[in-house]
Amino acid sequence: MSALGGEVDLFLRAAPEKVWDLVSDVTRIGEFSPETFEAEWTHGATGPAVGARFKGHVKRNGVGPTYWSPCTVTQCVEPGPDGRGLFEFAVGLDGNHINTWGYRLEPEGDGTRVTEYFRLTPSWYVRGYWMLLGRLRGRTNERGMRTTLERMKAVVES
């Protein structure tokens with residue numbers, strides 16, 4: 001069985017700190033994602049930090065159904081002197097996460113290589129779903145991640 005997830009990377013001609021500002025500001029995701037058209041911090045959170053919570057408003061496959069997804073930041077490493085950064089969040093209710101999404105930042109030449117990825121939680125029902133629809137959903141997610149990163153690239157390089 002294929003891995004329960006996927007990833008896409010793209011080079012952005014911008015400093016890691018500038019890229020970080022985009023990937024870690026969930027309130028801007030609607031500018032970039034073809035599925036998540038808005039997000040807002042919840043439970044008193046105002047910005048990225050481990051444990052911060054937000055909800056994303058998703059239109060599956062860009063057409064529906066439309067729903068809110070509760071999310072919790074699981075890793076939050078701002079780019080330091082080495083330029084590396086990581087922003088990751090789990091989707092689902094506390095203790096019952098369905099998947100994890102994230103962005104890894106690596107300095108490269110005069111810019112940043114950013115990798116967007118997703119991993120499904122390996123429960124029996126998710127494994128069953130992935131066996132039946134994983135290849136199709138994986139391709140859809142990879143196209144969406146590529147679109148998201150290309151839109152971010154257009155913003156940071158303009």
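None of these values were measured; they are calculated from a predicted model.
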Asker: Are any non-hydrogen side-chain atoms of Arg84 and Glu106 less than 4.5 angstrom apart?
Answerer: yes
Asker: Does Glu157 have any salt bridge (charged side-chain N to carboxylate O under 4.0 Å, His left out) partners at least two apart in sequence or in another chain, and if so, which?
Answerer: Lys153
Asker: Kindly work out whether a path of hydrophobic side-chain contacts (I/L/V/M/F/W/Y, heavy atoms less than 4.5 Å apart) joins Val58 to Trp101.
Answerer: no
Asker: Could you tell me which non-hydrogen atom of Gly6 sits nearest to which non-hydrogen atom of Glu142, and how far apart they are?
Answerer: CA-OE2, 4.0 Å
Asker: Tell me, please, which residues at least two apart from Asp110 pass salt bridge (charged side-chain N to carboxylate O under 4.0 Å, His left out).
Answerer: Arg13
Asker: Under 4.5 Å between side-chain heavy atoms, counting indirect links through other Ile/Leu/Val/Met/Phe/Trp/Tyr residues: same cluster for Leu10 and Leu86 or not?
Answerer: no
Asker: What are the two closest non-hydrogen atoms of Val23 and Phe87, and how far apart are they?
Answerer: O-CD2, 3.3 Å
Asker: So do Arg28 and Val155 actually touch side chain to side chain, heavy atoms under 4.5 Å?
Answerer: yes
Asker: Let me check something: do Leu22 and Tyr117 share a hydrophobic cluster, defined by ILVMFWY side-chain heavy atoms less than 4.5 Å apart, either directly or through other members?
Answerer: no
Asker: Membership question, hydrophobic clusters at under 4.5 Å side-chain separation (ILVMFWY): are Trp41 and Ile29 in the same one?
Answerer: yes
Asker: Specify the closest pair of heavy atoms between Pro16 and Thr112, including all atoms of both residues, with the distance to one decimal.
Answerer: N-OG1, 3.0 Å
Asker: If hydrophobic clusters are built from ILVMFWY residues whose side chains come within less than 4.5 Å, do Phe11 and Val156 share one?
Answerer: no
Asker: Does Phe32 have any ring pair (Phe, Tyr, Trp, His ring centres under 6.0 Å) partners at least two apart in sequence or in another chain, and if so, which?
Answerer: none
Asker: Salt bridge (charged side-chain N to carboxylate O under 4.0 Å, His left out) with Arg139: which residues, sequence neighbours excluded?
Answerer: none
Asker: Mind checking the NZ-CG spacing from Lys18 to Leu105? Nearest 0.5 Å is all I need.
Answerer: 14.0 Å
Asker: Mind checking ring pair (Phe, Tyr, Trp, His ring centres under 6.0 Å) for Phe37 and listing every partner two or more places apart, or none if nothing turns up?
Answerer: His57
Asker: For a side-chain contact (heavy atoms from CB on, under 4.5 Å) check, start with the C-alpha distance between Tyr103 and Leu149, then their side-chain angles and the critical distance, and finish with the verdict.
Answerer: CA-CA 10 Å; Tyr103 298 91; Leu149 294 179; 4.2 Å; yes
Asker: Just verifying a value: how many Å separate Asn141 CG and Glu35 CD, rounded to the nearest 0.5 Å?
Answerer: 6.5 Å
Asker: Do Val19 and Met152 come within less than 4.5 Å of each other through their side chains, counting heavy atoms only?
Answerer: no
Asker: Can I get a per-line list of side-chain donor-acceptor pairs under 3.5 Å for residues 67-79, giving both atom names and the distance, sequence neighbours left out?
Answerer:
unit_1, atom_1, unit_2, atom_2, d
Thr74, OG1, Glu88, O, 3.3
Thr74, OG1, Glu88, OE2, 3.0
Gln75, NE2, Glu88, OE2, 3.2

Asker: Do Phe118 and Val91 have side-chain heavy atoms sitting under 4.5 Å apart?
Answerer: no
Asker: To the nearest 0.5 Å, how far apart are CZ in Arg151 and CD in Glu31?
Answerer: 10.5 Å
Asker: Could you tell me the separation between the OG1 atom of Thr36 and the NZ atom of Lys59, rounded to the nearest 0.5 Å?
Answerer: 12.0 Å
Asker: Report yes or no: does Thr115 contribute a side-chain atom to a donor-acceptor pair with the main-chain N or O of Asp9 at less than 3.5 Å?
Answerer: no
Asker: What is the minimum heavy-atom distance between Arg53 and Ala45, and which atoms define it?
Answerer: O-CB, 3.7 Å
